[in-house]
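Take a look at the structure below.
Quantities reported herein were computed from a predicted structural model and do not represent experimental measurements.
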Amino acid sequence: MHELGIVTHVMKTLTDVAAENELTRIGSVTLEVGEVSGVIHEQILDCWDYMCTKRGPLFTGCKLILDTIPAVTYCSSCEKTYPTVQYGRTCPHCGSGETWLLEGNQCTIKEIEAE
Amino acid sequence: MSDIIEVKAGIEAENDKFAADVRKLLRNTHTRLINLMASPGAGKTSLLEQTIDGLKGAYKIAVLEADVDADVDAKRIEAHGAKAVQIHTGGSCHMDASMTLQALQTLDLNEYDLIFLENVGNLVCPAEFDVGADLKVMILSVPEGDDKPLKYPLMFQVTDCILVNKIDTDEIFDFDLQKLQKNVAPLNPKAQIIPISAFTGSGVENWIVYLREKLLAWNYSCH
């Protein structure tokens, strides 16, 4: 994935949010990260800390919090759901391969703590 | 004192904004954009050479050549009579919508009916970025193997059409087209799979027919 790219996108979005809400400092940012989003936690945290030192006072000392969202797959044959990471594409209830990811590939800015 | 502010913005929001701008720009000039994706060496440029020859006269074509560096592909495209715009991604492994928009803005789009974006050779990242294209086409070449959909599922999920290139070598590489179809089906049952050889030219006419049908359908839908 693109951890550094994600970090710069997030910071750009939050710079706009800060301007709209007249914020001068962001204490923490919470990202919702799906289990199968491909985002590597360790890498994004490293990139975040690095970019915080480069982006001026708004992000000085800002903490990144990652909320992991479990991945859930839906089986269209038996209409049940199951955890994606454990069972993959094949439904553990009926063995069907007609399955679709319901959620777990997102990467969303949930909220920020700011003043 | 700190406040909690809900943001609820997807990280792809900014790219999507640019993708919408690309669509708007192209709509205004009735120009169509095809995002062509594949591994390095799968035959993107060879396919484009055959495609330009196959459509010659009927449509005015430009190609956006995205490479980390060099302009060898752009020269090959121009030798076939289409306009080429070289984009150096400077190390970036994919094209995003804002880079595509910038490249399109260097062209007088009224001059062109069809634009191909020859994406950076990579089966991972290009699949993740909407560039505002009307059609996504990927090339899988025979030496890469029929198991690629299992390893790079997103690419095979998002594409509209899979061109299986170098089909003239399938016996040497023990490549099974039926196995490939079986691997693609659960990911993307609607994907059109067309075996071709950009080298011998076999099957290329089927791709040209598919493309012409798409172009005709698009023309009807915009009048």
If you measure from [atom1] on [X] to [atom2] on [Y], what distance do you get to the nearest 0.5 Å?
X: A:Lys110; Y: B:Lys8; atom1: NZ; atom2: NZ; result: 6.5 Å
X: B:Glu6; Y: A:Ile109; atom1: CD; atom2: CD1; result: 12.5 Å
X: B:Ile5; Y: A:Glu20; atom1: CD1; atom2: CD; result: 10.0 Å

Query - NZ (B:Lys214) with more than 12 external heavy atoms under 6.0 Å - result: no
Query raised in the report: More than 12 heavy atoms of other residues, nucleotides or ligands under 6.0 Å from CG of B:Asn28: is that the case?
Result: yes
Requested in this report: Identify the heavy atoms of A:Trp100 and B:Pro189 that sit nearest to each other, and give their distance.
Outcome: CH2-CD, 4.4 Å
Report summary line: Here the pair of heavy atoms bringing B:Pro186 nearest to A:Gly97 is CB-O, 4.3 Å
Between [X] and chain B, which part of the residue has a heavy atom less than 4.5 Å away: side chain, backbone, both or neither?
X: A:Glu113; value: both
X: A:Arg89; value: side chain
X: A:Leu14; value: side chain
X: A:Leu23; value: side chain

Requested in this report: Could you go through the side chain to side chain contact (heavy atoms under 4.5 Å, CB included) check for A:Glu111 and B:Ile4 one step at a time?
Outcome: CA-CA 7 Å; A:Glu111 59 188 24; B:Ile4 302 283; 3.6 Å; yes
